[in-house]
Structures are given as C-alpha cells and as structure tokens.
Amino acid sequence: MCCNTFKFVPYFKENKTMTYDFNTIEKKWQDYWSKNQTFKASNTSDKPKYYVLDMFPYPSGAGLHVGHPLGYIASDIYARYKRHKGFNVLHPQGYDSFGLPAEQYAIQTGQHPAVTTEANIKTYRRQLDQIGFSFDWSREVRTSNPEYYKWTQWIFIQLFESWYNNDSNKAEHIDTLVEKFASEGNATVNAACDDDIESFSAEDWNNYSSEQQQEILLKYRLTYLAETEVNWCPALGTVLANDEIVNGVSERGGHPVVRKKMTQWSMRISAYAERLLQGLDTVDWTDALKDIQKNWIGKSVGASVSFNVNGHDDIIDVFTTRPDTIFGVSFMTLAPEHELVSQITTAEQKEAVEAYIEKTAKRSERDRMADVKTISGVFTGAYAEHPFSKEPIPIWIGDYVLASYGTGAVMAVPCGDQRDYDFAKHFDIAIPNIFEGVDISEEAYASKDNVKIANSDFLNGLAYKKASKLAIYQLEQLGQGEGKTNYRLRDAVFSRQRYWGEPFPVYYVNGMPQMIDKAHLPIVLPEVEKYLPTEEGEPPLGRADVWAWDTESNTVVSNDKINHTTIHPLELNTMPGWAGSSWYFFRYMEDAANRDGVFASEDALKYWENVDLYIGGSEHATGHLLYSRFWVKLLKDRGFVNVEEPFKKLINQGMILGTSAFVYRVNERRDVFISKDLFDAFLNSQTNEEASKRILAVTGTETPTFSKVHVDVNFVNASDELDISKFRNWRAEFKHAKFIEDKIIVLREVEKMSKSKYNVVNPDNIVADYGADSLRLYEMFLGPLEQYKPWNTAGITGVHNFLKKMWKLYVGENGLKVNDAEPTKDNLKTLHKTIKKVQEDIENFSFNTSVSTFMIAVNELTAQKCTSKEILEPLLVLISPYAPHIAEELWSQLGHNESISTAVFPTFDASHLVESSKKYPISFNGKMRFTLELPMDMPKDEIEKTVMAHEKTIAQLDGRTPKKVIVVPGKIVNIVG
RNA sequence: GCUGAAGUGGUGGAAUUGGUAGACACGUUGGACUUAAAAUCCAAUGUCCAUUAGGACGUACGGGUUCAAGUCCCGUCUUCAGUACCA
C-alpha cells in the first residue's frame, strides 16, 4: 500500500442527464407507459381502426432468444406508426399456453403443467416488457385459462351442431338437416358428409330409433366421431394431424409415426376446401404462402368413372384428371387396402394377393415414401369392363395407389401417366398409344397440351379440353361417370391422447357422444396424479377420479357415481394445440372487463372486424393459418362473426440464424487447439511448411488431423478473437487447453440458433449492454424482414453508436442544444427527404432501409450543426416507432407533457427537395467517366452542347467523333462512339 | 420430380419505374487524443494493373435485347423452403 491509498476521483463527473443513459431512460418510459396505460385500445373511437397482431408465442421453458422478437418488433413499429397516422390501433399479445413441451416436462418432473406454464409466462412477460412493445396487455389471452377455453369448447359444440349444405354453400344448424330428413329423407340433401351413407326416406327416418338417428347425423356434422386411420406416434403416446408430421416423423421430437385405426373426433375441414381455396384470392398474403396452402388443398378437376367388374355386382369407382384418355386404359390398379380386393380376387391369385397385402401393410408410411422407385404389385385375376369398348381390363393391386386419396383405385393409362407406364413395363402389360403422332416407346406422354387423341372411337382428333368434356358427357349418358373435383385436403383429426389441452364438453351414453349444454361450460381440466396414459392405454384423463357428468346437477362428479342413467363417463381425449389458436384473434377484440358471457360482443366484432396486419412464421402455413380460416368461415356461416377471412394482410418474418464459432482441436493431442488462421495456413500448400512446424513443435505429430469444436459465441469479440480464459473456464475438459498462438481467430459459420451449437444470444444481455432501442434497431437493420439472416452481436455497435450520435445532436455538455433557430435549406432538405423515405419504407415493410435513412439524417444534421427545433422535433416522431424510449425522453426534454406515441406523423413537403442543379453522370458507351453539375432547367440540346464542349469529354473522345449522344434531362448523359 | 424464394465486396446488406453498382453499417488498415487503455473523432477500404494521371475487370454462369442491364428475355448451375407415387 503506497500511492493508492487516496480515493480515486475522476476528473470529470458525468452528469447523467447529459449522456445517453439508456438503462435509466428505458426503465423510466416503460414504467410510464404501463402506469398511464398509453397503449390501451378503445372499442369506441372516431378514428379509423387498425388491428396489428403477432402470432402469439408458446411460452417455452427456454425463454426468448434474439430471433423471437423479430416479428414483434416489426409489428410494433407498424402499430406505433399507425397511431402516429391517426388510427385507433389494437395491438394485443397473449400466450398459446396449452401444448406438448409443458406436458413432457410434467411427465419427467411431476410438476403440474399449469405451474411451469405460469412460470414460463412470467419469464416471457419480463423479457417482452424490457423491449418496449406497445402491447395492450389488458386484453391478454391464455388458451389454457378456463375462461378462455370455455369458448373453445363452445365453438366445438357449434361445429357439432352444424352441417355443410353444398346447395347454400355454407354451414347450417343441424336442426335444418333434421327437418329435411323428417320431411324428405336424405335423397334431396346435398351435404358434405361421409361416403358410406345409405339413402333413406322421410318415413325411414321417422321410424329410426333416436340412436340410429344420432348415428346418421354424426356422418353429417362438421365435427364427428369416427373410426379413422390416424397417425399414431407411440413415443408421444398420441395421434398427430398431417401438418404435425414432417418427413414421416413427428414435428415435435422427431419420433416415428405409424398408421393405426382409432375412434377419434375429426373436423370436416374438407367441406370448406373450395372456399378455403377461393378465399386466398381475397387476402393480401405472399404468393409463396398462398401456393403452400393451394398445394395442401390440392384441387384437381376431372371425372369419376365407374367400372363394372366382370362376374360380380361390384363397381370400382375411380377418379381421373384425364377422362380424355379413357380409351388408353389397359389395366386398373387398386390400393392394397381397397375394400373390394378380397371380394374380386380369384382363387388362383388369392395366395399371391394376400401375401402382397401382408407385405405392404408391414411397411411404414416412411418406408413407402423413401422407396418410390421399386415397382410392386399383384394381379387379382379379376377383370373390369371398359365402359365404352366393353373390353375386359385386368385388375391389379399395387402400393403406388394410395388408399387415402380419391377412391383408392385408378384406371391405368400407361401411355399418358409415367407411373402407369412403369408399372405396365414392369409387368409386361400392353401400352396402347392413344396420342396422334407421339412417340411413347421411351416414356409416357403426360402433357395435356399440343396433343390430339387417336385410336379412341368418338374422341379421335380432339384436343384435351374437348375430348374430356365429350368423354364425361358420354359417361353420363351411360350412367357410368360424371365430372368431379377432388381435393387432397383431408379432414383433420381433432383428438389428442394428452393431458395438457382443452377437455371436450362431451359425455357418452351407450357409446354415443352427447354435448354438454353450453350453459354449463367451461368443463375444467381435471386433476390427475400422473400425466401418462393409463395401464389400459387410455389417455391421461383416464386417471382422473372426478371425471363423470351428472346430467341432473349438470356438474362434473366422481367416477364411482357413474350409473349410465343419469351419470355418464366424460370424454378422455383433449383437443389439439391448434384449437385455441384458431379463434384467439376475436377474443382480443373484446375488452377484458366485458368478456363475461360472450366470446366477444357483437359490437366489438363489428368494430374490429378482422386482423389488418398479421405477422408470424411461415411454418404455420398448413396448420394454424388453415384451421383458423376454417373456423372463421364456420363462425361466419352460423352468424357469430362478420368476416370470411381472419387475416387481411400477412407477413412471414424470416428466421434469425446464429453465427456459430469454432476452433480446431488436434485429434492426436486433444488438449491442443489452433485458430482458423493457422488451420488455413496448414491447408495452404505455400504456408503449410511453417504451420506444420509450429504444430509439430507442440503436438509431436507430423501429420495432425483436426476436428471443429463449437465455442460459445459469447467468448468471441467483434474481431472473431476468442477469449481464451473464458474458454478454459467454460468446461472441465477445456481447463488445460493449450493454444499455440497468442491470438485465436475462430472459424464462423451460420447455423440455426440452438443451445447445442452454443450460438444462442439472449436479448436480456443485449438490452443490458446496449439497450432495447439498440436491440430494436439492430434487429431491423439486419436485413429485410422476410429474409433468413444471421445474427452477429458484433454489428450492434453500429446502431448503438448511431443512438449516441443522435443523443448528442439534441443534448450537449451543457444540456439541451435544441433552440428556435430558423432551419436552413439543407436542414429542411434532410428532414423532408427522411420523412418521405421513412414513410415509404414503413408502408412497404422495408424496415432495414429506414434505419440507414435515420443514420444518414443524423450524420447530415450533425454536419450541418443543426439545432433547430423545427427540424429536430419532427425527426423524433419519425424515429419513435423504431426507438421509442430515446424518442420519448428527448420529446419530454423538448417540453412535451404528453407521450410522443400520439404525436402526428410529420407531413412531407416536396418543395424542400426541389433542386436547381443536377450532378449529371457523363458516360461513354454506358460507362460513367465523370460528373458535371448543370442547371436543372437546362434544355436537352443545351446540355449536349455543354457536355460536348467540356475538356474531359474531348479528352475521353480522343479525336473520335461520337455516333450518338443520349441526353435524358435530370438523369444521365451517354455518349456513344 | 413439382411449386416457390434467392444468388451483389472480407461480412450484413442498399440500389422502389432499365440510367453514377456497392448506400448505411460491421470488420480491417492508418492517423488524432491519452503515460497507457477504453471511449471518441478523422481518413482509406470491390478486385487487379499503374509512382501519379488513369485504366481493365466486376452483381452465380453462358447468351440476347438496349445508347445504357444487378434490374428485361432465353438457357444453365447452386442454395434454401414447401410438397411428394395425388391418379
């Protein structure tokens, strides 16, 4: 202790109000917004409405990383912008809080999913709050809240009580169907329903028992209980919808999925296939996303054709898109699972057919998908009759025909379909050519264009369109076919054998499902002691002791009271994740205070209509975004809402990727690590010798090999240099890590942000180090919203420095610099240029470019030494949607008592941008050589004269005479020759 | 295979209707300030040739249209996403 005994006193103690103290400022304004309910939306306003919505998050245990808020920041900027533009903005947020991860966690730890979900929501809320979003939190929804899922159950009952009338082209109450049955039977009913419906008269109907009637109605309801082949995931112990399966394995967890027959609730979304398709033309979504939905719906127009089977009463129906090729049919193929296979197979073929069916049944969906090339099939021995030529057609079975599409049978036209062609070649079946002048010796001719039909009786000489029409007409005359449109879209399985989801408002009497009266909702999720299926294989709700419905008291009662007369068992399945998210956007419309008794009031629904701008990931294209559209159409048909589509404009934000960091580890000496630079030198033949020597000296290995090792991105600075001590302290295995070099430059690679790659960046750290405004600006600055782009924390200093510079434009060492000085021409030009660009950018959702525009504006105004309030005040409004905290702080320092969020967006005045002269680029043969400043109003010929006389032009031409001189006034001069 | 999106410096990206390619940042290099460091400020920075002046080449690749092409047209390649025996 010698000279350091005195207390260190800084030369200059910084005044906190003079420097950009972002932590204090941001806290201050977040508190202010919360206390003053600045962003609370009102359901009554003279202003036009605007509804900006984010896809609400599933609150996972891991919390947010910097990729998550990207879309929220974009939508927040837009919402704030719309407020400045005089709109009454609804910008709510909530949680999709039912779901698998919480349940998987509950299975492992025994903790109630409600408890962990609550904790996760707290974390999410804290993380979201510190980014400074302008959410109206008073309208928050949580799908796992009984007050919310009461209405999810209510909608389910509405679906159960609806049928789809193809004549009126909308859903109607089931009572209208019952009336029709009672008065006319079902012959005149044109409904979306199951295929296996037998016709009955009014008399039949009236004589049916109520149970028989219920059974029939189930085949018409928009949600129905049916034994269907489902995607069963044994690892998750539940069924999955088609959109929850990716490449044959479960989307969550990647577990195998098998086909299994189970009795399940299904949603008759197929009834809406056409409207879901047509509706896409009315919404402002990207073509990419519309295409995904179009493909998923998979409309194909063609005909159904009935083939009589020789020697049987059976008829095989097929669907074809090419009725014009009917004379090219040389065989038929049925899916192995087709119901007629066993009936029509001849005795001789029985053994082969059964063996084949057994073999294909064993193959999983995934094997079948992976192995498309192998051709397999068996002849059934049976023949069908060609509807026109009456020729016998051999009937085969083959697994290239899918039981789940169309009728599970095809009329094979080998000359016009490559699969049929390959099958015919493989089994040596005839390939008749029905196309005029087309060579089919190598492959089928599948095109519909530029072809005329031949060898086809009455179709000869016709092109595709006319031939199809005529073929359908002739089939109709025979009563053996008709025009038909087919959709790939399947009904959606709605039951999940899980705990953490909405319970169904359903109990069973003699195996028939009964709806609980809407007055008694919600049916609250019961407690269970374990979240696993029961020993009998029933879903977790099978473990609940109090899970029976008392029809007298209308309450849930203990199971041991079940008497099957007044007290019945309740449904054990729960609803899937997409149930709650299919209508939550309506719930936000209602003020939280008025939510009792309505899912949203008529007035609220009328006022807010639907979402004007929806931002979220494209991974929901075939799930949430399709199911919501379906439910909205149902609610519209039944008169509960006024809109046909939920989301007018939709933007998919791109994913933010991580920038992983690596060092190279020497495999022969696992404690030795080298940098990317040394590794590169080692690979390079010119520098190899030197590098090898250095490595040899430490490792003793002449021919070392290396492997890449991830290092935590938080140990790497902006120059890609590794902090060696942090690395050594990171994990025990690196404690004694040896580095040959003083400076370790890491290898960087872009990968998905994930814990296992050690490239996850937590927004909490960014906010603490640079502030929320910097985070917001940087996320936008990274690149176009829709694009995938890598995150690299190093770059954030750019926007952070910008904010500091901006602060200095307003606040100097002696306090606020802003005064009433008259703005200069340049000041006004900078401001109005900025207004124009920022407004255009926001309206085009080009947020990245407006951040650069702000930088340019601040750079220019700083250079101009601008202190004029007339300039600097509107500039704050421009920037406030992006960086709201600093904008609020400076706004208040300028003397405003109201939040900047309601300030009017500045008006662009083009007169400030009018230039008197233009710096013309003078190019020669298209190449710019120099610029020349000329008056804006100089006429064309005058420009040409001036340019041609210029010394640089003469030097460029070097004595040549130009062939042509192009002058575009205000733009460019190009001299050719 | 089909459908869609994209390919621009060392890096993220800009160029909205064909008209100065690389705005704005990051990084790098040099300088100022400092005992030193940090912070801040200034300058340079597409590649190659050239002492300078200047020049050549440059937006995945090959053609084309045009006075002029990152942008329009034809063909090819690559990457990403969706979908996949859909009759």
Side-chain angles (χ1 to χ4, degrees), chain A residues 246-247 286-296 298-300 302 318-322 325 333 335 368-369 371-375 398-402 404-413 416-420 422-423 446 486-488 618-619 621-622 652 654-655 659 718-720 748 750 777-778 781-784 786-799 801-802 804-805 808 837 840-841 844 846 848-856 859 919-931 955 962-968 970-977:
Chain A
V246 178
N247 295 327
T286 61
D287 287 338
L289 197 76
K290 285 185 184 183
D291 280 332
I292 293 174
Q293 288 212 345
K294 275 181 198 163
N295 292 337
W296 191 261
K299 179 180 185 175
S300 45
V318 301
F319 173 75
T320 176
T321 53
R322 298 294 301 272
T325 63
T333 315
R368 232 165 119 162
M369 271 163 59
D371 177 28
V372 176
K373 291 279 170 286
T374 316
I375 296 160
D399 69 357
Y400 81 95
V401 176
L402 303 176
S404 56
Y405 182 77
T407 59
V410 301
M411 57 175 232
V413 182
D417 182 289
Q418 195 57 42
R419 291 154 305 170
D420 296 344
D422 295 341
F423 195 87
N486 220 13
Y487 299 91
R488 201 187 72 117
S618 59
E619 66 272 21
T622 54
N652 295 122
M655 200 187 294
T659 313
S719 310
D720 290 346
R748 305 224 76 157
V750 173
L777 282 173
Y778 190 50
F781 190 63
L782 281 178
E786 298 94 328
Q787 206 164 293
Y788 278 53
K789 50 215 171 247
W791 175 275
N792 192 348
T793 304
I796 201 169
T797 53
V799 293
N801 283 342
F802 155 71
K804 284 201 255 183
K805 247 191 233 175
K808 281 195 205 158
K837 179 85 172 105
E840 282 168 1
D841 284 345
N844 292 322
S846 173
N848 55 325
T849 48
S850 26
V851 179
S852 347
T853 305
F854 294 135
M855 290 172 171
I856 293 167
N859 287 344
K919 226 179 180 186
Y920 278 91
I922 313 299
S923 49
F924 292 79
N925 297 318
K927 282 184 184 117
M928 206 282 287
R929 290 305 175 199
F930 62 93
T931 57
K963 286 201 199 95
K964 210 191 224 181
V965 178
I966 311 268
V967 177
V968 185
K971 282 243 163 101
I972 200 167
V973 176
N974 191 16
I975 297 160
V976 187

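Every chain is numbered from 1 and lettered A, B, ... according to where its sequence line falls, protein lines coming before strand lines. Predicted model only: the values in this text are computed from it and were never measured.
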If you only use heavy atoms from C-beta on, which nucleotide in B/rC24, B/rC26, B/rG13 is closest to the side chain of A/Ser852?
B/rC24

Nucleotide of B/rU40, B/rC57, B/rU20 approaching A/Pro921 most closely (side-chain heavy atoms)
B/rU20

Specify the residue among A/Asn295 and A/Val973 whose closest nucleotide of RNA chain B lies further upstream toward the 5′ end.
A/Asn295

Ring geometry between A/Phe423 and A/Tyr400 (parallel below 30°, tilted from 30 to 60°, perpendicular above 60°):
tilted

Closer than 4.0 Å, any side-chain N/O of A/Tyr405 to the OP1 or OP2 of B/rA87?
yes

Should the side chain of A/Lys837 and the base of B/rU16 be counted as holding a donor-acceptor pair, with the cut-off at 3.5 Å?
yes

How do A/Thr931 and A/Pro784 order along RNA chain B: which one's closest nucleotide is nearer the 5' end?
A/Pro784

Using the P atom in both, what is the distance from B/rU16 to B/rA21, to the nearest Å?
14 Å

The side-chain contact (heavy atoms from CB on, under 4.5 Å) partners of A/Asp422 (sequence neighbours excluded) come to A/Ile375, A/Gln418

Please tell me which of the listed nucleotides, B/rA87, B/rG13, B/rC24, lies nearest to the side chain of A/Pro790?
B/rG13

Quick one: are A/Ile796 and A/Tyr778 in side-chain contact, heavy atoms under 4.5 Å?
yes

Treating A/Gln293 as the side-chain partner and A/Thr622 as the backbone partner, does any N or O pair qualify as donor plus acceptor under 3.5 Å?
no

Closest to the side chain of A/Met928, out of B/rG19, B/rU20, B/rA25, is B/rU20

The glycosidic conformation of B/rG46, counting syn as within 90° of 0 and anti otherwise, is anti

